Amino acid sequence: MDIQEKYDFQRIENKWQQRWEETKPYKTHHNDTRDKYYVLEMFPYPSGRIHMGHVRNYSIGDVIARYKRLQGMNVLHPMGWDAFGLPAENAAMKHGVHPASWTYDNIDYMRNQLKAMGLSYDWDRELATCNPKYYKWEQLVFLKMLEKGLIYRKETTVNWCDDCQTVLAREQVIDGACWRCDQPVFPKTMHGWFFKITDYADELLDDLDKLTGWPEKVVTMQRNWIGKSTGLACDFQIDGMDDSITIFTTRPDTIHGVTFMSLAVEHPLVSKLIAGGKHEQEVNAFIETTILEKQRSSVDHEPEKKGVFTGQYCINPFTGDKVPIYVANFVLMEYGTGAVMAVPAHDQRDFEFARNYSLPIRVVVQPDNKELDPDTMEEASTEPGVLVSSGKFDGIDSERAKQQIIAHAQEHGFGKPHITYRLRDWGISRQRYWGAPIPIIHCEDCGIVPVPENELPVVLPGTGDTNGNHAPLHQQEDFYTTTCPKCGKPAKRETDTMDTFVESSWYFIRYTDPRFTEGPVEPQAAKYWLSVDQYIGGVEHAILHLLYSRFFTKVLRDLGYVSVDEPFTNLLTQGMVIKDGSKMSKSKGNVVDPNELIDQFGADTVRLFSLFAAPPERDLDWNPQGVEGASRFLNRVYRLVVQQQQCFNEENSVKVDELDETSKQLFRKTHQTIARVTDSIEANFHFNTAISGIMELVNLLNASLNDAKKLHNGVIRETLETVLILLFPMVPHFCEELWEQTGHPHTLDHARWPVYNKEVAKEEELTIVVQINGKVRAKLQVPAEISDAELEQQALANERTRSFLGERIPKKVIVVKKKLVNIVG
RNA sequence: GCGAAAGUGGCGGAACUGGUAGACGCACUAGACUUAGGAUCUAGCGAGCUUUGCUUGUGGGGGUUCGACUCCCCCCUUUCGCACCA
């Protein structure tokens, strides 16, 4: 045996990457007899090159994949590309390249980068969402959803980003700006396609309880996003008109305290209410300025509550009171019914509005801790209490009154229980080129006609050659001119493309058999592999991507394609990679390029450091000197193996009883380390503590070699082999190379994760802390099997204890088994 | 404003269900080897002090306990999410 003296990471990494390319050890087969494990990292958008966030994400995923393989599981670990999207079009405009060739070039480049990291993907399952072979099935699912009534088209006011020239879903508007380009978003009225995600609102909400493997934070965010509220929908007749205003309230118990009515400026009844009245001009002017204000309002502060009287009144069905109808700037048309019954005594917004316009305040819920006086109240009281001034409901507890009032309204036919969600249907129409075409034909006679299934895919035109037309589809006459599949008359194709979040909502399902040609999902493969056991990605997708994916999984289940309710059993949201205290960004000039790092230190070192520097869920502060530390550690292990290679020559079984003390200690530490590393990974993927444990073992091996004249060869061997296996998921090239160089006939891919020997790991002696009044005063070395009484006696007999105690007589002695003795005196 | 999470050496971070605070790594200091070293090895490394040792110390203040980074109450700071949701 002759190991190369120096750790030549370049040679080693090239060698193993090439070998993995040839032998495909990570190719996965469906195998019902084995336990499966599906680990997935969020697939990247092919933006050009990978960044440190990817490095971290994929390093974490790769450790898990390799660890589970060592444990004997059949691991699915695929990779692909979220390949549709705006940057491709922007690049096309900027550099004059076709979005398709820009995207595919980037994919090629990034695939090489990922391969240079030594990630154990089954590359035969690679997919790109911009490939017609992928989006063909998405189009099919679209048609099935349409058939099932889960898709509709309507004209609405949408969020329009002028910069991106497209519509955005509400979730994609962040602080009034586009999530992608950060430009302000404007309302615009147009037709668009919608997925009825609200049909699944209840299930999406209820099933959150099943997601015990998700961070609580993400579950809460989704719960709030869905925003379920239960209450009463109630009609208020307009005085002197046939129409009535329907309101929604979660506080039906306060309905006797209504002193006015507030409508959103966009409420459809407003124009009718004011038509011909003396308030018409004033109201219209108010509406106009409010709409303008809404558009440019900064989000930091709520504007003052403002409104204007319409001149009309409506009637409270409970009291018969006439209350004035206002148009108010704080009422949202998008939520509830766009009309709010105003109870200033018990709602802060109504209270402020009432004070501004000197409207009456009427207390109807009396909390038990304080007396409410409408004239002196400084804020609304939202606490529960007992109903007052509420007719026959007086004296009833407010919680119970809610039910009784709803029942009363229902009995008399002017109201009913109602549930409202914050969640809205998902608008998926985009007016851009680089996306999956929506498979619909518009016919003047037949209306909306689905493209027949056998004509799928509707291929995005112009992708055939690099000079192809990549104008938005509504500008491509050759594309949209067609004939109606029903009547054969000239017709027009739908020119909207789908939101790219649609592709990423089901790619993890397609991975189970990405080459299946008979449908979107191969049933047996899906049944075997789903759900994803471990999903890993940034918390920035806590709502959008994860909610859409959950929705799609349920839809595909109801369409009969899959049998699971939830896509991701366990979710790990990794922290950001930051440098010098802030997120890496070009403008800050603190970007670290993974390529340079890998060239300089090797992929294994970069992987090791990104795992060591922080636990996965926390932000990782990138420290260039820390990387050197990781490199140093690998070099030290390499040197140790080179120095100690003789121990691999002979078969040396270890008999614990015959070992010298140093060898025995090292052997014990080896088994303790196995336990510790396994626990760190199993508990919460805290690789940082796993690595530090391995470092401690290596440190002890070094120290033992220095101390002892002759360390037992079998122990050295077992220690080094343990180190190599434990490190393998993190630094695979490095470990494979040393494993091979030390004469092992099979690669580590075929190895098994070690199991620690409890007997060996057990300490023979313990260090017991002796405290006097809670302060550490002495330490005792005692045999592990010592009794509590014996321990107490030894502690009291200890010389240092005695000198500290002096004349005092201990009042109490507390003995904590195998840990400490505290003497209270 | 509401909600959640987090505050531990010069830095990244450890500490299991309340039981030796600071594992491991980085940086730093001293020494060894060396023509040299950003290589390697050895030792030290929270602060203070009257330095075989003592005192103090986990954002601040209080409390529970024999004992608190850990549990309870109040406050401060940071980060994230939501933001007129009726």
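Chain identifiers are assigned alphabetically (A, B, ...) following the order of the sequence lines, protein sequences preceding nucleic acid strands; residue numbering begins at 1 within each chain. Please read these numbers as outputs of a predicted model, since none were measured by experiment.
- Remark: the separation of the P atoms in B:G37 and B:U29 is 14 Å, to the nearest Å.
- Comparing B:C84, B:U20, B:A86 against the side chain of A:K305 picks out B:C84 as the nearest.
- At the heavy-atom level, A:V813 lies nowhere under 4.0 Å from the strands shown.
- Between the side chain of A:K811 and the base of B:C66 there is no donor-acceptor pair of N/O atoms closer than 3.5 Å.
- Candidate nucleotides B:C85, B:C84, B:C24 were compared by shortest atom distance to the side chain of A:M695, and B:C24 ranks first.
- Across all strands, A:D619 comes closer than 4.0 Å only to sugar-phosphate atoms, never to a base (heavy-atom distances).
- Between A:F601 and A:F609, the distance from one ring center to the other does not fall under 6.0 angstrom.
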Run the side-chain contact (heavy atoms from CB on, under 4.5 Å) check on A:N699 and A:R636 step by step: do they pass?
CA-CA 10 Å; A:N699 289 349; A:R636 194 176 326 136; 3.3 Å; yes

Would A:T719 and A:T670 count as a side-chain hydrogen bond (donor to acceptor under 3.5 Å, both in side chains) if you check the C-alpha gap in whole Å, the side-chain angles of each, and the deciding distance to 0.1 Å?
CA-CA 6 Å; A:T719 301; A:T670 298; 3.0 Å; yes

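- Taking atom P in both B:C16 and B:U64, one finds a spacing of 25 Å when rounded to whole Å.
- Taking the six-membered ring where the residue is Trp, A:Y548 and A:W426 present parallel rings, their angle staying beneath 30° rather than reaching 60°.
- Comparing the P positions of B:A21 and B:C54 gives a spacing of 13 Å, expressed to the nearest Å.
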Protein heavy-atom contacts under 4.0 Å, written 5' to 3' over nucleotides 41-56 of chain B as B (base), S (sugar-phosphate only) or - (none), form the string SS-----------SSS

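- Rounded to a whole Å, the CG atom of A:L423 is 15 Å from the C1' atom of B:C82.
- Comparing B:G19, B:G25, B:A86 against the side chain of A:N699 picks out B:G25 as the nearest.
- Going from the P atom of B:G48 to that of B:G63 covers 29 Å, rounded to whole Å.
- Here A:R424 does not pair with A:E334 in a salt bridge; the nearest charged N to carboxylate O distance is not below 4.0 Å.
- Distance noted for atom P between B:U55 and B:G3: 44 Å (whole Å).
- Base contact: A:Q771 has a heavy atom under 4.0 Å from a base atom.
- No contact: A:G227 has no heavy atom under 4.0 Å from any strand.
- Of the C1' atoms belonging to B:C76 and B:G62, the separation is 15 Å, rounded to the nearest Å.
- Set against B:G12, B:A86, B:C82, the side chain of A:I543 has B:C82 as its closest nucleotide.
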Dot-bracket encoding per residue of RNA chain B, Watson-Crick/G-U cut-off under 3.5 Å, | denoting interstrand
(((((((..(((......[....))).(((((.......))))).((((...))))..(((((..]....))))))))))))....

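- Taking atom C1' in both B:G46 and B:G31, the straight-line distance is 24 Å, to the nearest Å.
- Note on A:N623: only backbone sugar-phosphate atoms sit closer than 4.0 angstrom, heavy atoms only; bases stay farther off.
- Distance noted for atom C1' between B:U50 and B:A36: 45 Å (whole Å).
- When each of B:U20, B:C66, B:C26 is scored by its nearest atom to the side-chain atoms of A:V769, the top-ranked nucleotide is B:U20.
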Using a cutoff of under 3.5 Å, can you pull out all pairs of nitrogen or oxygen atoms linking the protein to nucleotides 14-16 of chain B, with atom names and distances?
unit_1: B:A14; atom_1: OP1; unit_2: A:N688; atom_2: ND2; d: 3.2
unit_1: B:A14; atom_1: OP2; unit_2: A:R618; atom_2: NH2; d: 3.1
unit_1: B:C16; atom_1: N4; unit_2: A:K819; atom_2: NZ; d: 3.4

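- Put simply, CD1 on A:I60 and OG on A:S610 are 7.0 Å apart, with the number rounded to the nearest 0.5 Å.
- Which of B:C66, B:C85, B:A23 sits closest to the side chain of A:I814 comes down to B:C66.
- An anti orientation is assigned to B:G12, its glycosidic angle lying beyond 90° of 0.
- A distance below 6.0 Å separates the ring centres of A:F353 and A:F260.
- By the 4.0 Å N-to-carboxylate-O rule, A:D235 lies too far from A:K416 to be salt-bridged with it.
- Side-chain proximity of A:W225 to the nucleotides B:C66, B:C85, B:C82 is greatest for B:C82.
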